[in-house]
2 protein chains.
Amino acid sequence: MTENGPVPNSKKTAAERPAPERRGELLATAAEVFAAHGYNATTVRRIADEAGILAGSLYYHFDSKESMLDEILSAFLDELWDGYDAVLAARLGPRETLEALVTESFREIDRHRPAVAIYQRESRHLALQPRFAYLADSQRRFEQAWLGTLRRGAAAGVFRADLDVRLAYRFVRDTVWVAASWYRPGGAHSPEEIARQYLSMVLEGIAVRE
Amino acid sequence: MTENGPVPNSKKTAAERPAPERRGELLATAAEVFAAHGYNATTVRRIADEAGILAGSLYYHFDSKESMLDEILSAFLDELWDGYDAVLAARLGPRETLEALVTESFREIDRHRPAVAIYQRESRHLALQPRFAYLADSQRRFEQAWLGTLRRGAAAGVFRADLDVRLAYRFVRDTVWVAASWYRPGGAHSPEEIARQYLSMVLEGIAVRE
DNA sequence: TAACCTACCAAACACTTGTTAGGGAAGGAT
DNA sequence: ATCCTTCCCTAACAAGTGTTTGGTAGGTTA
């Protein structure tokens, strides 16, 4: 029955994968626990507890703890790039592209907060494993999109040219994504409102102009 | 000899503590490994490997893995507050206080990069444990210092008053401290240079003024 | 009724974890 | 020569880890 003897990390094909509704619920609770306590500190028994089942029962739905993490992260990145690609395909000006990317990012944080938190915490060392190589790919594309926009803007005279572009890139990137560590859906501000204020700070600064 | 039978987390007194030079080296390598892989994912055998000794030998110098973490974090926070308190005691204007706090923060990142990285990754859930209650205290003082400065500046008309102050606080705080995740000592920019550019972005924005 | 599928449980497996106990080599002090 | 201190090793322990195996209640299909 199980022919995956010596082969590690064998993914089940879509055909033999069980009905997806329950999977989704379990992945959601797993993501929540991963985000709260970190991947390594999270035991499969804890996830199962939270879901109201026993640890072994998780293995009816998933190959391994690692494959849960894999599915959470790749689902998030797939959706993220759907949004980013739509923005980039519109070929707006640099400033409008930046605004759209920031807004889109906050929407993703709103929809995938646990996944974003996990990504931030674990992606650096996960990207070294072959299984999670797509994290490194994604990071490259990410840098390309943001850095390119900033460079275009500096060349076009809409962004300041006296700044180190890579510093500015990390500045904008970090500013946006660390929000996942404190953002709580259903809070006082909508994602769009947060994006508006963040953009105002990043673009205009917090100092009063004289 | 060891009278710490049922008492958990018993700290050794300064008198019975061994010579501090070796401790310092071991703490430095432990901090490096913690920062790279996360506290929970780091095994004491890994730390010992990196130090060229065996796992059990660590327990000649330290009570437990947790006490290593404790010492790393509290040493960092002690030094951080030495610097912050000096800045706050100077009673500068809001803008100058902000500039001094940011510059001081980047200096701390330069000197305690691993500790800062660990702090960011683990402080949230560590603060819940009684042993690490000082993390929560520190975070309260931290918020007080920064939020107070921003509020003073908004009232004095040097910072924009149309922004949500708490959003601005998190904005400034995060932009500064996440730098620890990519900063490498001895890189192209000195801490002061990075602080200068970050302050320029935070205060004036990255957009060109018309 | 019989066969089957889904989603779970109960119990164990091999392994890794932080930690401890006892010992010993090197070197300085007495 | 003896003692003491420092620093480490060897070898094990108990608890916790991810995972597997075989079984089973309950519903659906034939």
Side-chain angles (χ1 to χ4, degrees), chain A residues 1-12 14-30 33-34 37-71 122 129 131, chain B residues 1-27 29-30 33-34 37-72 122 126 129 131:
Chain A
M1 193 67 75
T2 69
E3 80 290 5
N4 57 348
V7 181
N9 297 339
S10 75
K11 281 189 178 176
K12 291 174 181 170
E16 62 191 341
R17 194 176 292 167
E21 324 98 30
R22 187 63 172 136
R23 279 178 78 86
E25 296 176 22
L26 292 175
L27 279 179
T29 70
V33 185
F34 286 156
H37 306 358
Y39 173 73
N40 283 287
T42 299
T43 71
V44 298
R45 293 181 223 286
R46 176 68 188 270
I47 300 173
D49 270 8
E50 220 81 24
I53 61 179
L54 290 190
S57 306
L58 285 173
Y59 289 81
Y60 168 73
H61 298 278
F62 306 99
D63 284 344
S64 65
K65 180 188 175 189
E66 198 181 67
S67 76
M68 296 189 219
L69 178 65
D70 193 348
E71 231 170 295
E122 320 280 355
Q129 295 178 237
R131 174 172 197 171
Chain B
M1 193 66 74
T2 69
E3 81 290 4
N4 59 348
V7 181
N9 296 340
S10 75
K11 282 188 181 177
K12 290 176 181 170
T13 71
E16 61 190 342
R17 194 174 293 166
E21 323 99 30
R22 187 64 171 131
R23 281 179 75 85
E25 296 175 21
L26 293 174
L27 278 179
T29 70
V33 186
F34 285 157
H37 307 314
Y39 173 72
N40 282 288
T42 299
T43 72
V44 296
R45 293 183 221 291
R46 177 68 188 271
I47 299 173
D49 270 8
E50 220 81 23
I53 61 178
L54 289 190
S57 307
L58 285 174
Y59 289 80
Y60 169 74
H61 298 276
F62 305 99
D63 285 344
S64 65
K65 180 188 175 189
E66 198 182 66
S67 76
M68 295 188 220
L69 178 64
D70 193 348
E71 231 169 296
I72 291 167
E122 321 280 355
L126 284 179
Q129 293 178 239
R131 174 172 199 172

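Each chain gets a letter, A, B and so on, in the order its sequence line appears, and its residues count up from 1. Values reported hereafter were calculated over all heavy atoms of this structure, with side chains retained and with hydrogens, waters and symmetry mates removed.
Distance CG (B:Leu26) to C1' (D:dT6): 13 Å, rounded to an integer number of Å. Straight-line distance from the CZ atom of A:Phe62 to the P atom of C:dA7: 11 Å, rounded to whole Å. Taking atom CG of A:Asp49 as the reference point, atom P of D:dT17 lies 11 Å away to the nearest angstrom. To the nearest angstrom, P of C:dT19 lies 10 Å from CD1 of B:Ile47.
For D:dG16, its base never sits under 3.5 Å from the side chain of A:Arg45 at any donor and acceptor pair.
To the nearest 0.5 angstrom, A:Asp63 atom CG is 10.0 Å from A:Asp70 atom CG. Interatomic distance, CZ of A:Phe34 versus CE of A:Met68, reported as 6.0 Å (0.5 Å rounding).
Checking C:dT17, C:dT19, D:dT19 against the side-chain heavy atoms of B:Thr43 singles out C:dT17 as nearest.
Within the 4.0 angstrom heavy-atom criterion, no nucleotide atom of any strand lies near A:Ser67. B:Leu54 comes within contact range of at least one nucleobase, with a heavy-atom separation under 4.0 Å.
Using a 4.0 Å cut-off, some side-chain N or O of A:Ser57 falls inside it from OP1 or OP2 of C:dC9. Side-chain N/O atoms of A:Arg46 include none lying less than 4.0 angstrom from OP1 or OP2 on D:dT17. One finds no side-chain N or O of A:Tyr60 lying less than 4.0 angstrom from the OP1 or OP2 phosphate oxygen of C:dC8. Contact annotation: B:His61 side-chain N/O to D:dC8 OP1/OP2 distance is under 4.0 Å. Applying the 4.0 Å criterion to OP1 and OP2 of C:dT20, one finds that B:Tyr59 has every side-chain N and O outside that range.
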Worksheet item: For B:Asn40 and B:Glu122, what are the C-alpha separation, side-chain angles and deciding distance, and is it a side chain to side chain contact (heavy atoms under 4.5 Å, CB included)?
Response: CA-CA 9 Å; B:Asn40 282 288; B:Glu122 321 280 355; 4.2 Å; yes
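A:Val44 approaches A:Leu58 most closely through the heavy-atom pair O-CD1, 3.5 Å.
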